[in-house]
Protein chains: 2
Amino acid sequence: MGEDRQGRRRDAEATRQALLDAAAALFTERGYDRTTVRAIAARAGVNQALLFRYFGSKRALFGEVVERSGHRQLLTTQPERLLEMALRGMLPAGADSSGHQALEAFLRSTGSSDEIDAAGRLLGNEYARVLESLSDAPDAPLRADLVLAWLLGVGLMRVVVRKAPLADADPDSICALVLPAARTLLEGIATSDGKTCRQAQ
Amino acid sequence: MGEDRQGRRRDAEATRQALLDAAAALFTERGYDRTTVRAIAARAGVNQALLFRYFGSKRALFGEVVERSGHRQLLTTQPERLLEMALRGMLPAGADSSGHQALEAFLRSTGSSDEIDAAGRLLGNEYARVLESLSDAPDAPLRADLVLAWLLGVGLMRVVVRKAPLADADPDSICALVLPAARTLLEGIATSDGKTCRQAQ
DNA sequence: TACCGTTGTAAGCATGCGCTTACAAGCAGA
DNA sequence: TCTGCTTGTAAGCGCATGCTTACAACGGTA
């Protein structure tokens, strides 16, 4: 354990980044509650007192982590591809485990505290706004939320509950089932009584 | 606070039930980590040492709670109605807050520990088996998991993240959007290329 | 070289947690 | 009434946590 940390021995910015990276990794792996400041400092190869010097508190650190990786991914993904990218980000089969790390970190941290949930709400708002832009329906915001809920639910079952067969299914099969349904939901035209025009047979 | 607890002053079965009820309520409200054994005992109006006498550990208590309310709901709901009942159970607008409490308790507790996740997996298996029976598709188990994931995701956004507009939408609107799509997913026949037969308009 | 703010360190404080222990009070059978 | 098991209680143990403090080492500047 303990990352590199070679180079200049005294470099505030470098240790800040090391802490940020270590925190992102641990929050993603274990969630907020089960990640201790001692573990973060240890993985970063840094004295834990520095964590408080640079970030003030564990919660503030979490906020910076989510904000950083959340924005980073949203900004580099084009809207039409967000749905698939986010879904595949929930399916840690591919090597690109860093993709949409923020969603996973948040997923493992739900219910830890009101501030954590609030941070998640902000992140969710950004994702929803993008998804919403893909829909013409009058209730597009609600539809976007439902799609986002599905993404989170799949992630929940897959990475934290690890329930078979979902946890073992290959990403392509999942995408083949989820993406068309999600797109239908986003694109579907609502009738006056609130039901989608497609009947439930 | 402290529930009734009148009647016989010394009644092991009654205090066991009081603890079970208090634990169910608190786990549902706050999740596993944020619920303390002291709080459970206090709400039950019982000395906390008794909790350990009767259940051995906090985790064992959680297991009994989930098993009890999970089974109870599953046994009293007919398969065809499970989907709607479980979904509405996630939307705590109606007064029937006790419905599918187990799913909500689990939802707020994900990631607390491996044993907790395992308990959730067992519960999920039971729900999935019922949902799966509604589908004729060859990959019915996976489809059932995806539907269950959606239910959990909606609950996550609604009760723990409380993200608008999903959190504020009325249950009927949500059902009108989710149920047809979920039923389509369950009933839909997969074509050779993996897309459902119903086209996206 | 002498200084001084910045960066790093070791130790510990206060708190809340799950859980245990030692003991009192109630109740049943003799 | 006496005995012995069951039920309830008060106190606290040991530990891990987030966070703080007092101090040492470094390195640029004068």
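Below, read A as the first sequence line, B as the second, and so on, with proteins coming before strands; counting in each chain starts at 1.
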Charged N-O contact under 4.0 Å between [X] and [Y]:
{"X": "B:Asp172", "Y": "B:Arg88", "answer": "yes"}
{"X": "B:Asp145", "Y": "A:Lys163", "answer": "yes"}
{"X": "B:Arg68", "Y": "B:Asp21", "answer": "yes"}

To the nearest angstrom, how far is [X] atom [atom1] from [N] atom [atom2]?
{"X": "A:Leu50", "N": "D:dT20", "atom1": "CG", "atom2": "P", "value": "14 Å"}
{"X": "A:Leu19", "N": "D:dC19", "atom1": "CG", "atom2": "P", "value": "14 Å"}
{"X": "A:Lys58", "N": "D:dT17", "atom1": "NZ", "atom2": "C1'", "value": "8 Å"}
{"X": "B:Ile40", "N": "C:dG18", "atom1": "CD1", "atom2": "P", "value": "8 Å"}
{"X": "A:Phe52", "N": "C:dG8", "atom1": "CZ", "atom2": "P", "value": "16 Å"}
{"X": "A:Arg38", "N": "C:dA11", "atom1": "CZ", "atom2": "C1'", "value": "11 Å"}
{"X": "B:Asp11", "N": "D:dG8", "atom1": "CG", "atom2": "P", "value": "8 Å"}
{"X": "A:Asn47", "N": "D:dT20", "atom1": "CG", "atom2": "P", "value": "14 Å"}

Taking A:Arg143 for its side chain and A:Leu185 for its backbone only, find out whether a donor-acceptor pair lies under 3.5 Å.
-> yes
Heavy-atom distance under 4.5 Å between the side chains of B:Arg108 and B:Arg34, does that happen here?
-> no
A:Tyr32 six-ring face occupied by A:Lys58 cation (under 6.0 Å, within 45°) = yes
Residues at least two apart in sequence or cross-chain that pass side chain to side chain donor-acceptor pair (under 3.5 Å) with A:Ser109, listed by chain then number, are none
What one-letter contact string describes nucleotides 22-30 of chain D from 5' to 3', where B marks a base within less than 4.0 Å of any protein heavy atom, S marks contact via sugar-phosphate atoms alone, and - marks no contact?
-> ---BB----
For DNA chain C, whose closest nucleotide is more 5', that of A:Gln48 or that of A:Tyr54?
-> A:Tyr54
Any A:Thr15 side-chain N or O less than 4.0 Å from OP1/OP2 of C:dG8 = yes
Assign each of B:Ala12 and A:Tyr32 to its nearest nucleotide of DNA chain D by heavy atoms, then name whichever residue's nucleotide is nearer the 5' end.
-> B:Ala12
